[in-house]
S.K.: 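Mind looking over this structure? Questions follow.
Remember, it's a predicted structure, so these values are computed and weren't measured experimentally.
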Amino acid sequence: MILHRIEWKKPLFLSGISFAPENEYLFLLSEGRTRCCFEAEYYNLEAQGLVFCKPGQRLSLKPENDSAVISYCTFGANSEEVSTIASLPLPERPCPTALYPLLANLVQNMYFLFLSGDRYRMEKEDLYIRVVLYSIASGDEEPPEPNTPAATRYRLRQLQKALSDDPKSFPTVASAAAYVGLSESWFKHLYRQYFGISFSDNLIHIRLDRACKMLWSTDWPIERISHELGYSAETLFYRQFRRHMGMTPSEYRQQRATSF
């Protein structure tokens, strides 16, 4: 699934805001209690509430106080991608993110990428939209019957969620393939087919996302950050970071510090 246009905004609510995406999908996360009208039905959207709108659906929101903020993105999809999205058990009404424990963290990662302007941001946005959608779809999903294609897809989604929560959880292709119950070669094929990226590249992206946030928000030494991300050697972390970011971790930390 390739998402053609992604736009992030964080507007302050004043008198309210409305959406009517005709040809795009809308994904929205509220950061305060909000009164919500979705498809002519009214809901009380709690803090960290989620709304997913399909093309043609209508949404209006009004906050309960002047400090309420939302994060949202809009994106388009071609006919094949529309079919993929339609096959996912996505929520049909506003709901709390408590149903999807990793969702708020994924959204914050996406918004961080939008703000950071890092070199590989654009290729990452498509991946994160995909992961958020699949995480929503499997958030309260009952495990399917074992030894079926549906069970394999379910395990792949659970693996992706675990990686997003803790990059150390599956440090190798072998460990990830064993979790899903597949041979390494077939696992690599299905993972790329399902998520549009190889497992190894996805793991690098997730680790580097977390590294950027740690470098920006903590004073931890590089060695500790490397260990927290599950790298077997600090030199490997340096090498991957420099190749993808165009600078060393220390240079990135210094650049971010001087940009505020």
S.K.: Looking only at heavy atoms, what is the nearest atom pair of D166 and R210, with distance?
M.R.: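 Between these two residues, the closest heavy atoms are N-NH2, 4.3 Å.
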
S.K.: Within a strict 4.5 Å, meaning less than it, do heavy atoms of the T248 and Y252 side chains meet?
M.R.: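 Sidechains of Y252 and T248: no contact.
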
S.K.: Scan L236, I204, I222, L215 and name whichever one has a side chain to side chain contact (heavy atoms under 4.5 Å, CB included) with F241.
M.R.: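 For F241, the side chain to side chain contact (heavy atoms under 4.5 Å, CB included) test succeeds with only one of L236, I204, I222, L215, which is L215.
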
S.K.: What closest approach, in Å, do R253 and T218 show between heavy atoms, and which atom pair accounts for it?
M.R.: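 Smallest interatomic distance, heavy atoms only, reads NH2-O, 3.1 Å.
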
S.K.: Which heavy atom of S226 sits nearest to which heavy atom of A233, and what is that distance?
M.R.: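 Nearest pair, atom of S226 first, then A233: OG-O, 3.9 Å.
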
S.K.: Can you name the nearest heavy-atom pair linking R242 to E251, along with the distance?
M.R.: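 Distance-wise, the nearest heavy atoms are NH1-OE1, 4.2 Å.
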
S.K.: So, for I85 and A77, which heavy atoms are closest and what is the spacing to 0.1 Å?
M.R.: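 In this case the closest contact between I85 and A77 is CD1-CB, 4.3 Å.
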
S.K.: Quick one: list whatever passes salt bridge (Lys or Arg N to Asp or Glu O under 4.0 Å) with E41, sequence neighbours left out.
M.R.: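 Here no residue qualifies.
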
S.K.: For R93, does the CZ atom have more than 12 heavy-atom neighbours from other residues, nucleotides or ligands under 6.0 Å away?
M.R.: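 Atom CZ in R93 is not crowded, with 12 or fewer foreign heavy atoms closer than 6.0 Å.
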
S.K.: Can you sort out the partners of S18 under side-chain hydrogen bond (donor to acceptor under 3.5 Å, both in side chains), two or more places apart, ordered by chain and number?
M.R.: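 S18 satisfies side-chain hydrogen bond (donor to acceptor under 3.5 Å, both in side chains) with S60 once adjacent residues are dropped.
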
S.K.: Using 4.0 Å as the upper bound for N to carboxylate O, is an ion pair formed by R207 and E228?
M.R.: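 Salt bridge between E228 and R207, a charged N being under 4.0 Å from a carboxylate O: no.
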
S.K.: Can you check whether L28 reaches F19 side chain to side chain, under 4.5 Å on heavy atoms?
M.R.: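 Answer yes - side chains close enough.
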
S.K.: If you round to the nearest 0.5 Å, how far is NZ of K54 from OH of Y25?
M.R.: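 NZ of K54 is found 8.0 Å from OH of Y25.
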
S.K.: Tell me whether the rings of Y43 and F38 are parallel (<30°), tilted (30 to 60°) or perpendicular (>60°).
M.R.: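 Y43 vs F38 ring planes: tilted.
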
S.K.: Answer yes or no: is there a donor N or O on one side and an acceptor on the other, between the side chain of Q57 and the main chain of A20, under 3.5 Å?
M.R.: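 Absent.
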
S.K.: Parallel, tilted or perpendicular: which fits the ring planes of F237 and Y231, with parallel below 30° and perpendicular above 60°?
M.R.: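 Tilted.
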
S.K.: L203 versus F170: any side-chain heavy-atom pair under 4.5 Å?
M.R.: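 With C-beta onward as the side chain, the pair stays apart.
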
